[in-house]
Number of protein chains: 4
Amino acid sequence: MPKQTFFNLPEEKREKLIDVATDEFAKNSFNSASITKIVEKAGIAKGSLYQYFEDKKDLYKYILELSANKKKEYLIEWMNRLQHLSFIEMIRELYVKGVAFAADNPRLAGIANNFMKENDTKFKEEILGISIEKSNQLFEQLIENAKNKGEVSRNIDTKVAAFLVTNLNTSIVDYMLTYMTYEEIFQNKEELLDKVDKMLFIMENGFKAK
Amino acid sequence: MPKQTFFNLPEEKREKLIDVATDEFAKNSFNSASITKIVEKAGIAKGSLYQYFEDKKDLYKYILELSANKKKEYLIEWMNRLQHLSFIEMIRELYVKGVAFAADNPRLAGIANNFMKENDTKFKEEILGISIEKSNQLFEQLIENAKNKGEVSRNIDTKVAAFLVTNLNTSIVDYMLTYMTYEEIFQNKEELLDKVDKMLFIMENGFKAK
Amino acid sequence: MPKQTFFNLPEEKREKLIDVATDEFAKNSFNSASITKIVEKAGIAKGSLYQYFEDKKDLYKYILELSANKKKEYLIEWMNRLQHLSFIEMIRELYVKGVAFAADNPRLAGIANNFMKENDTKFKEEILGISIEKSNQLFEQLIENAKNKGEVSRNIDTKVAAFLVTNLNTSIVDYMLTYMTYEEIFQNKEELLDKVDKMLFIMENGFKAK
Amino acid sequence: MPKQTFFNLPEEKREKLIDVATDEFAKNSFNSASITKIVEKAGIAKGSLYQYFEDKKDLYKYILELSANKKKEYLIEWMNRLQHLSFIEMIRELYVKGVAFAADNPRLAGIANNFMKENDTKFKEEILGISIEKSNQLFEQLIENAKNKGEVSRNIDTKVAAFLVTNLNTSIVDYMLTYMTYEEIFQNKEELLDKVDKMLFIMENGFKAK
DNA sequence: GATGAATGAGCCTTCATTCAT
DNA sequence: CATGAATGAAGGCTCATTCAT
């Protein structure tokens, strides 16, 4: 929720600021990110930033939201087809889109990633606007549906399964961003997608030999 | 590797400092943790801390190591029985011990947890003393063995499976520490262990209904 | 190379800061000079100084450069007449201007003087921007020319003579600044210039009785 | 003037401390030299040092004096023959011994050298025990004598000549220690002595072509 | 609306010296 | 006599935020 002044800015200036802030928050935690560096790189006055945004947190929220919106574009197709896909197909597509997003927009993905790592729960809920609890409920619903359709075993615990699905999603992207350079990610996109398939195979069938 | 002076300290003082530092590093990332706050809470002069430790990193390493050692005590039994357990039993025990450790020592677990979240790979490898790559190899070996014994399906990819196992382990503890109060953790230990079992059931058998 | 912010400062404030910093660097080596004392005496916030200058070294470079520029004004006439003067006249004028500069601007001269005393060669070359070696070559050239014109004996070693000329120049000013109060320097300017002449007489004719 | 306790020390310990302190004061100005580093390298308790010496200054005085005494050994021969040498021979020998001393004991020479560079006149006189003025008088006397013997021209100014002689002496050694590594000094001793001769030739005969 | 200077608390670290044991 | 823990001021530097212009 930037102030109106921000949207009155010439597009070039606005984009530059967004770009620079994205970079900073992709590389640093909220605390470590430096407003000073952002305004320096963006070539704007420090005071100006405080005319566009309430404070550091406000800027952060905005950048995080942009990243989330960009990701939604990747997921929109997935969401539209939720009904028509089998559960595993759904998850596969979710992961695939997630990895593709991170591969194509490593900085945007990095922001969300760093956000997930923040320790301060109050801070996170304040930023999210809703409780973490709530944000996890989508998957529980999807799993319940899949159980009803007979696609997912009734023997597994829904909440636990939802937790597992969400965390693996996060872990994959985290791995990419933390241990691979942007270049490596870019060059190995196919390979990464292949690994996603292998992971889903495990999730679908389990470890156990039959 | 604190200086000798640290070990010459009266136990009470030493414990107080460890306690306070543990607290700070459990609640903050390395960068955000404050030496100033630590010495203030410990009631010692700032200069004194530098008589005990080389620098902030040295203190951090020590506290992290203490946490690791404490955790090793929980895992020692697991390690001794590695040969005699089936793969799923092994993983279950690993997770169970991990959760138990975090439930009994939430702050110590929090330190390791925060360490995992650090973005700076060089920093992490410097602290660890070995490469991240290397530290992940144990599980790959365990999975290979399990495949050979016929416990784990040959159809699954070893590296991916190892990644999955490690990350879930981390995620569980992270979840506990981030979204539950110490009190909640303590009161729901049984319930948490039950969830571990449910997760392992999924990992063993997969999502798919049969 | 101060930041633009420094030049945007009201002249009074800027001059005050320059004055105070000049004082500190005239009285102390680079290491011993204190940023804290400078800002206190200048009556500005510590953070402000870092809005004007990159760091201590940046401030130092600037102050040193100011001193050098001021000295250049004294030497500009000398440099313009290099061709038309005999060697000894050249040296005399150099020394005379140097002494006059130090007498009129003891603090500015003191800064350059302290710089010469720094032990760390790398530091000095970094500040100078060129190698020490190079900065000494002017005199060697002048002496060679003088030899060719028959003004200076071919029997003397050029490099050694250049060393001698440079070091005496430095020594004289050093002596003034170290062992005389600013007041004494000011009151004895004539006397000092007379000593310069006496020294040049020795350098011209040597110690030896004929 | 160390305390008696210092002399009661086992020789090995005493020598180690001297050695380490020598090193520190050879590499740093009085201010920059670190007591902490000295005791660490010497392997003694910090408190101990303050039982041997009054304070940092006291230690410094002692180390400086040791260096002076060592140098006196080099100069003793020179002093004994003062009467029998011509003026230029005297100076030559003084310089030669000085260079030889610095070549053989660069650290000891470095201490004296750093001392000369100190800005605080009061500090220097306090350390020296006598006024700088006084310490320069020897040469004036020697020059006067040389004039009387007809070796040195009556046309030169005694005080100025004395200043010149002393400062060149210092400058040569300073040059060696600042711009040459210990190894280079050691390997080029002959060459350095040759330069001394060349410088004395200039001082004897002057620049002027005849 | 834009500016950017000013702020002062905070950062980690080093210092010479003291003094209880 | 030796120890080394304790001290707290000082070191250079960065921070997010404010506010007069």
Next on the checklist: Main chain of C:Ile18, side chain of C:Thr22: is a donor-acceptor contact present, judged purely on distance under 3.5 Å?
Outcome noted: yes

Checklist entry - When the distance from NZ of A:Lys57 to P of F:dT17 is rounded to whole Å, what number comes out? => result 9 Å

Next on the checklist: Without decimals, in angstroms, what is the distance between A:Glu54 CD and F:dA16 P?
Outcome noted: 17 Å

Checklist entry - Cationic tip of D:Lys56 within the cone over D:Phe30's six-membered ring, i.e. under 6.0 Å and within 45° of the normal? => result yes

Checklist entry - Of B:Arg107, B:Lys16, B:Lys41, B:Lys37, which meets salt bridge (charged side-chain N to carboxylate O under 4.0 Å, His left out) against B:Asp23? => result B:Arg107

Checklist entry - Between atom CG in C:Leu59 and atom C1' in F:dC13, what is the gap in whole Å? => result 13 Å

Checklist entry - So which one's nearest nucleotide on DNA chain F is more toward 5', B:Ala45 or D:Pro10? => result D:Pro10

Next on the checklist: Using a heavy-atom cut-off of 4.0 Å across all strands, would you classify B:Leu9 as base, sugar-phosphate, or nothing?
Outcome noted: sugar-phosphate

Item to check | Nucleotide nearest B:Lys56 (side chain, heavy atoms from C-beta), chosen from E:dG8, E:dA16, E:dC12 | outcome: E:dC12

Item to check | Close residues, residues 16-25 of chain A, relative to DNA chain E [heavy-atom separation under 4.0 Å] | outcome: none

Next on the checklist: Could you tell me how far apart D:Glu40 (CD) and F:dG4 (P) are, to the nearest whole angstrom?
Outcome noted: 12 Å

Checklist entry - Any side-chain heavy atom of D:Tyr52 sitting closer than 4.5 Å to one from D:Asp58? => result no

Checklist entry - Do A:Phe115 and A:Phe25 come close enough that some side-chain heavy atom pair is under 4.5 Å? => result no

Checklist entry - Dot-bracket, DNA chain F: Watson-Crick or G-U, under 3.5 angstrom, [ ] crossing, | other strand? => result .||||||||||||||||||||

Please write out each protein N/O paired with an N/O of nucleotides 19-21 of chain E under 3.5 Å, distance rounded to 0.1 Å.
none

Next on the checklist: Taking atom CD as the centre, does D:Glu11 end up with more than 12 heavy-atom neighbours from other residues, nucleotides or ligands that are less than 6.0 angstrom away?
Outcome noted: no

Item to check | Atom CD of A:Glu12 with >12 non-hydrogen neighbours under 6.0 angstrom | outcome: no

Checklist entry - Which class fits the ring pair D:Phe123 and D:Tyr60: parallel under 30°, tilted 30 to 60°, perpendicular over 60°? => result parallel

Checklist entry - A:Phe6 versus A:Leu17: any side-chain heavy-atom pair under 4.5 Å? => result yes

Next on the checklist: Using a heavy-atom cut-off of 4.0 Å across all strands, would you classify D:Tyr52 as base, sugar-phosphate, or nothing?
Outcome noted: sugar-phosphate

Checklist entry - What is the distance, rounded to the nearest whole Å, between atom CG of B:Asp55 and atom P of E:dT14? => result 8 Å

Checklist entry - Are any non-hydrogen side-chain atoms of C:Glu15 and C:Asp19 less than 4.5 angstrom apart? => result no

Checklist entry - Can you check the D:Lys3 NZ to E:dT17 P distance for me, whole Å? => result 11 Å

Next on the checklist: What's D:Asn8 touching, base or sugar-phosphate or nothing? Going by heavy atoms closer than 4.0 Å.
Outcome noted: nothing

Checklist entry - With sequence neighbours excluded, what pairs up with D:Lys117 under the salt bridge (Lys or Arg N to Asp or Glu O under 4.0 Å) test? => result D:Asp174

Item to check | Residues forming a side chain to side chain donor-acceptor pair (under 3.5 Å) with D:Lys57, sequence neighbours excluded | outcome: D:Glu126

Item to check | Side-chain H-bond candidate by donor/acceptor type, C:Glu118 with C:Asn114, under 3.5 Å | outcome: no

Next on the checklist: Once you apply a heavy-atom cut-off of 4.0 Å, does B:Phe53 come out as touching a base, just sugar-phosphate, or nothing?
Outcome noted: nothing

Checklist entry - C:Phe7 has an atom CZ; how far is it from atom P of E:dT3, in whole Å? => result 21 Å

Checklist entry - Do the non-hydrogen side-chain atoms of C:Ser29 and D:Asn119 ever get within less than 4.5 Å of each other? => result no

Next on the checklist: Without decimals, in angstroms, what is the distance between B:Gln4 CD and F:dA2 C1'?
Outcome noted: 16 Å

Checklist entry - Going by number, which of residues 28-39 of chain A have a non-hydrogen atom under 4.0 Å from DNA chain F? => result A:Ala33, A:Ser34, A:Ile35, A:Thr36

